[in-house]
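Worth saying up front: this structure is predicted, and the values here are computed from it rather than measured.
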Amino acid sequence: MRLDKYLAERTGMTRSESRKAVTKGRVMVGGMVCRKADTQLDEHTAEVALDGTPLAGAYQAFVYIMLNKPEGVVSASRDKRDTTVVDLVAADFPRRELFPAGRLDKTSTGFVLLTDDGALAHDILSPAHHVEKQYVVTLDTALTEEMRRGFAAGVTLADGETMAPAGAEPLTDDGKTVLVTLRQGVYHQIKRMFGVYGAGVNALHRRSIGGVALDAALAPGQWRELTEKEVEKLRQKV
């Protein structure tokens, strides 16, 4: 990796600011002043100091963030009108090209995975990998045995498209709060599936992705980075 790019990612400086810092002799690599911004280094082992202070912590090739998406925020990297999930973390990751690995509707809440690891995101979203996602869904009517069996067999939507088998189990005595388990992702899938049976979705909250559960300590709008074990768990699912 080029030295100026490494500095930008580690410090939050722009590439232009990083180049100026290097040419002015403010940067040391392996204990020696380096004035060439295009110097190639191993980002995982390089010893780099800025203004005499070593850059602490290991280099992160990618970032993985667990966000508890609040209602009213859109699952996108950018939006001209609304706050996005990336906007909620952007100040802490100014040089990262983050995006949501999978979407939730604007009115839905819960676990959104933000990352800049395109390969892992692709695998999580790929229909071929069947990564399990669980949702707590509030209906305007009770879950019926017909709905449960229909989900298990694979619901055929109004447009004729047949969904993969899914789980639907009641979480409350009145049957209106349901745990839905999906292994695919289709636009407005849960709402459309229940719509086949004349049931409406009043609320939808994603509680887990690939067996990694949303941290109960995260209030709506709060986030944390995934642990190494959580990232590895996601990798094992794809």
Sequence-distant partners of [X], ring pair (Phe, Tyr, Trp, His ring centres under 6.0 Å), two or more places apart:
X	value
Phe151	Phe194
Phe111	none
Tyr64	none

Which atom of [X] lies closest to which atom of [Y], heavy atoms considered:
X	Y	value
Thr115	Asp117	OG1-N, 3.0 Å
Ala8	Ser18	N-OG, 3.3 Å
Val85	Ala76	CG2-O, 3.6 Å
Pro220	Pro70	CB-CB, 3.9 Å
Gly52	Pro54	O-CD, 3.6 Å
Ala37	Arg19	CB-CG, 3.7 Å

Measuring from [X]:[atom1] to [Y]:[atom2], what's the distance to the nearest 0.5 Å?
X	Y	atom1	atom2	answer
Ser108	Lys69	OG	NZ	6.5 Å
Thr109	His205	OG1	NE2	5.0 Å
Lys20	Arg15	NZ	CZ	14.5 Å
Leu113	Ser75	CG	OG	11.5 Å
Leu67	Leu88	CG	CG	5.5 Å
Leu41	Cys34	CG	SG	8.0 Å

So with a 6.0 Å cut-off around [atom1] of [X], is the heavy-atom count from everything else above 12?
X	atom1	value
Asp173	CG	no
His122	NE2	no
Glu232	CD	yes
Glu145	CD	yes

Does a side chain donor of either Glu71 or Thr107 reach within less than 3.5 Å of an acceptor in the other side chain?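 Glu71 vs Thr107: no donor-acceptor pair found between side chains.
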
Residue pair Asp123 / Ser126, side-chain donor-acceptor N/O under 3.5 Å: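 The criterion, which ignores hydrogens and geometry beyond distance, is not satisfied for Ser126 and Asp123.
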
Under a 4.5 Å side-chain heavy-atom rule over Ile, Leu, Val, Met, Phe, Trp and Tyr, are [X] and [Y] clustered together?
X	Y	value
Ile124	Leu226	yes
Leu3	Leu55	yes
Val48	Met1	yes
Val63	Leu234	no
Met163	Leu143	yes

Taking it one step at a time, do Asn202 and Lys176 satisfy side chain to side chain contact (heavy atoms under 4.5 Å, CB included)? CA-CA 10 Å; Asn202 291 336; Lys176 291 185 177 182; over 6 Å; no

Does the distance from a Lys or Arg side-chain N to an Asp or Glu carboxylate O, for Arg78 and Glu97, drop under 4.0 Å?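 Salt bridge present between Arg78 and Glu97.
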
Would you check if the side chain of Arg192 reaches a backbone N or O of Tyr187 as a donor-acceptor pair within less than 3.5 Å?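 Checked: pair present.
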
Check: Thr84 side chain, Asp87 main-chain N or O, donor-acceptor pair, under 3.5 Å: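 Judged by distance alone, yes, a pair lies under 3.5 Å.
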
Using the side chain to side chain contact (heavy atoms under 4.5 Å, CB included) rule, pick out the option among Val196, Val155, Thr141, Val178 that qualifies with Met147.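 Testing each of Val196, Val155, Thr141, Val178 against Met147, the sole residue satisfying side chain to side chain contact (heavy atoms under 4.5 Å, CB included) is Thr141.
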
Restricting to pairs with a member in residues 98-109, which pass salt bridge (charged side-chain N to carboxylate O under 4.0 Å, His left out), not counting sequence neighbours?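 Pairs touching residues 98-109 that pass the test: Asp82-Lys106, Asp105-Lys191.
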
Which ring pair (Phe, Tyr, Trp, His ring centres under 6.0 Å) pairs, counting each pair once, include a residue from residues 153-183, with sequence neighbours left out?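 Sorted result for residues 153-183: empty, none.
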
Where at least one partner belongs to residues 74-103, residue pairs that pass ring pair (Phe, Tyr, Trp, His ring centres under 6.0 Å), sequence neighbours excluded: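 Found Phe93-Trp223.
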
May I have the step-by-step check of side chain to side chain contact (heavy atoms under 4.5 Å, CB included) for Met193 and Leu182, ending in yes or no? CA-CA 11 Å; Met193 289 168 71; Leu182 299 182; 4.2 Å; yes

